Amino acid sequence: MILDDDPDGDWTAPGVFRCAPGVHRIPLPLPNDGLRAVNVYAVEDGDGITLVDSGWALSEARDLLETALKTLGAGFGDVRRFLVTHSHRDHYTQAVVLRHEFGMRVALGRGERSGLDIILSDRADGSANQRRLARAGAHELLSRLGAGPPPVDPTHWAPPDEWIDDGDEIVVGVGEGLRRLRAVATPGHTRGHVVFADEAADLLFSGDHVLPRITPSIALEPDPPANPLADFLTSLELMRSRPDAAMLPAHGPVGMRVHERVDELIAHHGVRLDASLAAVREGRSTASEVAAVLPWTRRGTALVDLDPFNAMLATLETASHLEVLVQRDVLTRSEQDGVDHYSL
């Protein structure tokens, strides 16, 4: 059964949800992940289907996607291609596995190439984040994190068939069902994150760049740039300068407008920048020390009460906020024994 999407319902519930003419949302599970689910969008493409994002390569996610496609009168063989917003495993890996079996094409933003090269070379050992944590002065957290990520499954990772460039027009469908998706580069969450704008239909497939209930992690990737939060804020401003649209996010319910949520995200990071600056004024000098006095999650959880993975995300985000303050000439940075210290 195909249901009309309900912004007030449980967005993680399995099923097929009509969110616009010719567009259906398919939530797929993320076990042992706080996000709980990822939205894959099925877009009518002539007598086939294009999928925006693919889900994580897990048997449960595959089975639910197969069931959802059957509800739409289709199967894996009817999927023409995947348009993937970024290369995180919950968006990319199922596309790679299904392509090997069924031959559909996979497209990914060109900015993801360097990180994917590292993954494919089996060098994705988490060392970039370990180095960032060391510079943040988070040595105790490093010891709690222990071993790096699990070995890369070679069946889950491979280059795409197509690299998407900023501004590319992607035609989906034919005749009266034709739609033109504009790829827009939105670095920040990852180097090569892209969103897909269907201006004629007033839609934006926003991936992880603009999410309705949470702020995305910043630069959790094998080769993070020097100032990922600055990139993210610039990408938000870009979204604010473009036509408004109904937001189709990768995590969370539909129903919000892009500009409304972008304004909230920009304001949120303004508050975090002010709080980070206040912590430095009070005498904290490292990202680890600043993160320790800031509230985290929507519940205002203390850093010490977060699990090690989320404590890592919080500390790295704090370091990114401090770097933005340096870029804006509000703070200065100096290095002592391999640790970055910030001061007025």
Side-chain angles (χ1 to χ4, degrees), residues 1-2 14-20 22-31 33 37-110 112-113 115-117 119-120 152-164 168-175 177-181 183 192-196 198 205 207-208 248 250-251:
M1 178 186 299
I2 300 174
V16 180
F17 302 90
R18 185 186 299 105
C19 47
V23 180
H24 296 85
R25 184 177 65 86
I26 303 171
L28 298 180
L30 301 178
D33 191 306
V38 58
N39 292 323
V40 171
Y41 293 93
V43 183
E44 292 179 6
D45 190 354
D47 59 357
I49 288 177
T50 284
L51 293 177
V52 178
D53 286 331
S54 73
W56 188 357
L58 300 167
S59 59
E60 182 182 356
R62 179 193 174 110
D63 291 346
L64 285 174
L65 181 57
E66 184 174 29
T67 298
L69 290 173
K70 286 180 180 177
T71 301
L72 292 170
F76 288 135
D78 298 301
V79 176
R80 296 182 184 278
R81 60 185 161 183
F82 288 97
L83 303 177
V84 184
T85 58
H86 62 295
S87 60
H88 282 169
R89 64 184 183 180
D90 55 325
H91 296 255
Y92 189 62
T93 56
Q94 186 152 245
V96 173
V97 172
L98 291 175
R99 178 185 62 180
H100 179 72
E101 296 181 48
F102 298 97
M104 67 281 284
R105 297 182 68 79
V106 177
L108 182 69
R110 190 176 299 276
E112 298 292 77
R113 187 167 194 162
L116 195 56
D117 284 346
I119 293 172
L120 294 174
V152 170
D153 186 334
T155 67
H156 290 185
W157 299 96
D161 301 290
E162 305 170 36
W163 292 108
I164 301 171
D168 280 355
E169 182 180 87
I170 301 165
V171 177
V172 179
V174 295
L178 184 143
R179 66 177 74 230
R180 301 180 188 276
L181 302 182
H193 191 286
V194 294
V195 301
F196 301 102
D198 183 346
F205 298 90
D208 281 8
L248 301 180
H251 306 284

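Remember, predicted model here, so these are calculated numbers, not experimental data.
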Give the minimum heavy-atom separation between [X] and [Y], together with the two atoms involved.
| X | Y | result |
| --- | --- | --- |
| Gly46 | Val174 | CA-CG2, 4.1 Å |
| Val171 | Leu178 | CG1-CD1, 3.7 Å |
| Ile49 | Ala42 | CG2-CB, 4.0 Å |
| Phe102 | Gly77 | CD2-N, 4.2 Å |
| Gly109 | Val194 | CA-CG1, 4.1 Å |
| Ser54 | Ala95 | OG-N, 2.9 Å |

Taking the side chain as C-beta and beyond, is there a heavy-atom pair between Leu120 and Pro159 under 4.5 Å?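 Of all side-chain heavy-atom pairs linking Pro159 with Leu120, at least one is under 4.5 Å.
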
Non-hydrogen side-chain atoms of Val96 and Trp157 separated by less than 4.5 Å: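 Side chain of Val96 against side chain of Trp157, heavy atoms only: no contact under 4.5 Å found.
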
Would a distance-only check, ignoring hydrogens and angles, find a side-chain to backbone donor-acceptor pair under 3.5 Å from [X] to [Y]?
| X | Y | result |
| --- | --- | --- |
| Thr93 | His156 | no |
| Arg80 | Asp45 | yes |
| Asp53 | Thr85 | yes |

Flag the pair Arg99 and Asp161 as a salt bridge only when some basic side-chain nitrogen lies within less than 4.0 angstrom of an acidic carboxylate oxygen.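 Salt bridge between Arg99 and Asp161, a charged N being under 4.0 Å from a carboxylate O: yes.
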
Steps toward side chain to side chain contact (heavy atoms under 4.5 Å, CB included) verdict (Leu98, Val79): CA-CA 10 Å; Leu98 291 175; Val79 176; over 6 Å; no

side-chain hydrogen bond (donor to acceptor under 3.5 Å, both in side chains) with Glu112: which residues, sequence neighbours excluded?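 For Glu112 the side-chain hydrogen bond (donor to acceptor under 3.5 Å, both in side chains) partners, ignoring immediate neighbours, are Ser87, Thr190.
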
Could you list the residues that satisfy side-chain hydrogen bond (donor to acceptor under 3.5 Å, both in side chains) with Asp208, not counting sequence neighbours?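 Expected list: His86, His91, His189, His251.
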
Among Val43, Leu83, Leu65, the one residue meeting side chain to side chain contact (heavy atoms under 4.5 Å, CB included) with Leu51: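 Testing Leu51 for a side chain to side chain contact (heavy atoms under 4.5 Å, CB included) against Val43, Leu83, Leu65 leaves exactly one candidate, Leu65.
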
What residues form a ring pair (Phe, Tyr, Trp, His ring centres under 6.0 Å) with Phe205, not counting sequence neighbours?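 Only Tyr41 meet the ring pair (Phe, Tyr, Trp, His ring centres under 6.0 Å) criterion with Phe205.
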
Could I get the full list of salt bridge (charged side-chain N to carboxylate O under 4.0 Å, His left out) partners for Glu169, not counting sequence neighbours?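 Here the qualifying residues are Arg180, Arg182.
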
Drop me the distance from [X]'s [atom1] to [Y]'s [atom2], to the nearest 0.5 angstrom.
| X | Y | atom1 | atom2 | answer |
| --- | --- | --- | --- | --- |
| Leu72 | Arg18 | CG | CZ | 9.5 Å |
| Leu248 | Cys19 | CG | SG | 5.0 Å |
| Thr50 | Ile170 | OG1 | CD1 | 9.0 Å |

Got a sec, which residues hit side chain to side chain contact (heavy atoms under 4.5 Å, CB included) with Pro160, two or more places apart in sequence or on another chain?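 By the side chain to side chain contact (heavy atoms under 4.5 Å, CB included) rule, Pro160 matches Tyr92, Val106, Leu108, Leu116, Trp163.
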
side-chain hydrogen bond (donor to acceptor under 3.5 Å, both in side chains): pairs with one or both residues in residues 55-79, sequence neighbours excluded: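 Qualifying pairs, neighbours excluded: Arg62-Glu101.
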
